[in-house]
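Just follow the structure's listing: the first ligand is 1, and inside any ligand the first atom is 1.
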Amino acid sequence: MNDTAAAPQVFKGLVGVHADVTAVSKVMPETNSLTYRGYAVQDLAEQCRFEEVAYLLLNGELPNRRQLNAFEKEERANRKISKVLIRAIESFPRKTHPMDATRTAVSFLGLEDPEAQDVSEAATRRKAMRLYAKIPTAIAAIARLRKGLRPIQPKPELGFSENIFHMFFGKVPEPEIVKAFDVSMTLYAEHSFNASTFAARVVASTGADLHAAVTAGIAALKGPLHGGANEAVMHMLKEIGTPAKARGWIDDKLEHRALVMGFGHRVYRSGDSRVPTMSKWRDIVAGLRGGQKWIEISRILAEEMLAKKNIHPNLDFPAGPTYYLMGFDIPMFTPLFVASRITGWSAHVLEQIADNRLIRPLSHYVGVDQRPVPPIKAR
Ligand code: COA
């Protein structure tokens with residue numbers, strides 16, 4: 001072993017490390033608050049449509065009417081995906097997880113992109129717009145093809161969130177349901193240097209293109225400690241099944257020191273700023289779709305986690321059952337997160353390339369000391 005007397009300080013998991021500056025969003029754990037470009041996320045969620053938030057993240061300011069119209073027009077004009085991509089998705093093995101399919105579809109979109117190899121700021125901005133417009137179409141196609149259903153073409157007359165429902169289900173639900181989904185898109189859009197955003201920035205810092213960076217972001221988002229938690233939450237709620245079983249279930253988990261999905265956060269220690277807004281809309285959706293039992297189970301779990309571990313729920317905790325009650329299949333929850341987070345990832349990649357320095361930290365070696373290579377007969 002190396003001499004550990006002179007060991008440098010290691011920040012495992014990069015806990016507490018500021019890796020760079022950013023002007024995209026600010027997480028304030030002291031006050032449980034989060035701002036995108038200076039605006040409180042809960043105000044954006046309630047007062048703006050997701051298209052406005054996407055514009056804000058990508059351009060730094062909220063759009064005026066004219067800017068919003070032009071932005072929406074461009075998004076709507078770019079929604080279609082190629083027949084070749086649809087055929088590719090169709091050829092994926094049936095058991096493919098939709099997050100793997102999404103990662104592959106985005107990588108495929110890079111192959112088809114007319115400016116794939118152009119890493120200039122202007123081309124990256126145009127590619128960001130195309131990804132923002134096409135990812136919902138790709139994930140809706142994935143959702144339908146895995147069930148043997150034909151994909152549904154996007155409708156340019158529908159807004160971003162309405163169109164997602166149309167492409168998944170062939171119909172647009174009541175405005176409260178669409179608004180709840182739109183709120184989830186806003187809340188999921190951005191969260192500073194989380195694992196997937198950091199992964200995307202690392203790839204962008206090497207000079208690789210946006211599709212490469214976003215593919216890495218999707219790969220990181222899949223994990224259950226990150227975006228995959230929204231799926232894990234719903235599996236957990238279904239496993240518990242009834243409110244009567246909730247307290248016993250969670251006590252048993254805590255006794256065995258198991259992780260309870262949808263709780264805890266690396267940065268927030270006393271509550272996730274996005275949870276009250278998402279919970280409010282989850283409850284509205286549950287009221288319309290008859291999902292009271294999921295709310296009741298959730299209430300018991302949150303109460304026990306706080307009392308026994310002093311750990312609060314994160315955004316995935318209310319988002320999981322909200323998507324479930326809207327009719328989305330559980331394995332599609334994290335791809336829906338991708339449809340939103342593409343805006344944050346793209347904003348960060350643009351920020352990274354505007355003032356780039358290769359991201360390349362050090363590691364402290366703790367393996368065996370240097371030694372001679374023995375001849376094969378001596379091993
Ligand atoms: N369930 C049970 N215990 C939890 C927990 C959870 N969801 N989250 C944290 N803890 C416990 C840890 O086991 C640790 O206990 P210990 O000190 O007795 O070992 C303590 O709380 C501190 O947690 P820590 O390991 O410092 O958290 P972290 O910053 O490394 O991890 C998460 C943060 C998000 C990865 C973690 O909370 C987690 O795995 N949550 C569940 C997955 C999830 O919902 N992810 C979505 C995040 S938005």
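- Remark: ligand 1 atoms within the under-4.0 Å shell around heavy atoms of His226 are 46 (C).
- In this model, a donor atom of one side chain and an acceptor atom of the other lie less than 3.5 Å apart for Ser184 and Tyr323.
- When distances from atom 32 (C) of ligand 1 to the protein are checked, no heavy atom turns up under 4.0 Å.
- Cluster annotation: Phe328 and Val233 are assigned to the same hydrophobic cluster (Ile/Leu/Val/Met/Phe/Trp/Tyr, side-chain heavy-atom contacts under 4.5 Å, transitive).
- Using a 30° and 60° split on the angle between ring planes, Phe198 and Phe193 fall in the tilted class, from 30° to 60°.
- Checked by distance only, ligand 1 and Arg274 stay at 3.5 Å or farther apart across all their nitrogen or oxygen atoms.
- For atom 41 (C) of ligand 1, the nearest protein heavy atom (residue, atom name, distance) is Phe263 O, 3.3 Å.
- Nearest protein neighbour of atom 42 (C) of ligand 1, counting heavy atoms only, is Met261 CE, 3.5 Å.
- Contacts of Asp272 with ligand 1, taken as heavy-atom pairs under 4.0 Å, are absent altogether.
- Taking atom 23 (O) of ligand 1 as the reference point, the nearest protein heavy-atom neighbour is Arg269 NH1, 4.0 Å.
- The distance from ligand 1 to the heavy atoms of Asp316 drops below 4.0 Å at these ligand atoms: 46 (C), 48 (S).
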Dump the intermediate steps for salt bridge (charged side-chain N to carboxylate O under 4.0 Å, His left out) on Arg49 and Glu72, then the final yes or no.
-> CA-CA 11 Å; Arg49 285 159 57 225; Glu72 288 194 273; 2.5 Å; yes
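- Close approach of ligand 1 to Met305 (heavy-atom distance below 4.0 Å) involves ligand atoms 1 (N), 2 (C).
- In terms of modelled atom types and a separation under 3.5 Å, the side chain of Asn32 and the main chain of Asp272 share no donor-acceptor contact.
- Counting only distance, with no hydrogens or angles, the side chain of Arg341 and the backbone of Ala189 share a donor-acceptor pair below 3.5 Å.
- With hydrogens and angles ignored, the 3.5 Å screen pairs a side-chain donor or acceptor of Arg37 with a backbone N or O of Leu57.
- Residues Arg289 and Pro173 have side chains in contact (heavy-atom distance under 4.5 Å, counting atoms from C-beta outward).
- The closest approach between any non-hydrogen atom of Gly227 and ligand 1 is not below 4.0 Å.
- Residue contacts with ligand 1 for Ala232 are absent, since no atom lies close enough (heavy atoms, distance under 4.0 Å).
- Side chain of Ser107 to backbone of Arg103: no donor-acceptor contact under 3.5 angstrom is found.
- Tracing side-chain contacts under 4.5 Å through hydrophobic residues (I, L, V, M, F, W, Y), one never reaches Met167 starting from Phe181; they form parts of separate clusters.
- Of the protein's heavy atoms, none falls inside 4.0 Å of atom 12 (C) of ligand 1.
- In plain terms, the two heavy atoms of Arg125 and Leu58 that are nearest each other are NH1-O, 2.8 Å.
- Atom numbering of ligand 1 starts at 1 in the shown order; those under 4.0 Å from a heavy atom of Ala229 are 43 (C), 44 (O), 45 (N), 46 (C).
- Using modelled atom types, one finds a donor on one side chain and an acceptor on the other under 3.5 Å when comparing His226 with Ser196.
- Residue nearest to atom 7 (N) of ligand 1, selected from Val15, Leu259, Leu225, Val260: Val260 (by heavy-atom distance).
- Ligand 1 has a nitrogen or oxygen under 3.5 angstrom from a nitrogen or oxygen of Gly262.
- Residue Lys309 has at least one heavy-atom neighbour below 4.0 Å for each of these atoms of ligand 1: 3 (N).
- Contact annotation: for His265 versus ligand 1, heavy atoms closer than 4.0 Å belong to both the backbone and the side chain.
- Defined by atom type and a distance below 3.5 Å, a donor-acceptor pair is present between the side-chain atoms of Thr22 and Glu351.
- Using a cut-off of 4.0 Å between Lys/Arg side-chain N and Asp/Glu carboxylate O, Glu90 and Arg150 are scored as salt-bridged.
- Put simply, atom 25 (O) of ligand 1 has no protein non-hydrogen atoms near it, under 4.0 Å away.
- Within a 4.0 Å radius of atom 46 (C) of ligand 1, the protein contributes at least one heavy atom.
- Of the charged side-chain nitrogens involved, at least one lies within less than 4.0 Å of a carboxylate oxygen, so that Asp251 and Lys308 count as a salt-bridged pair.
- Assignment of Lys253 to the shell around ligand 1 is not supported, since no heavy atom sits closer than 4.0 Å.
- Counting only heavy atoms of the protein, atom 2 (C) of ligand 1 lies nearest to Ala258 O, 3.5 Å.
- The protein reaches atom 29 (O) of ligand 1 closely, with a heavy atom under 4.0 angstrom from it.
- At a heavy-atom distance under 4.0 Å, only side-chain atoms of Asn314, from C-beta outward, approach ligand 1.
- Within 4.0 Å of atom 9 (C) of ligand 1, at least one protein heavy atom is present.
- In Ile311, the part holding a heavy atom less than 4.0 Å from any atom of ligand 1 is the side chain.
- Looking at atom 19 (O) of ligand 1, its nearest protein heavy atom turns out to be Arg257 NH2, 3.7 Å.
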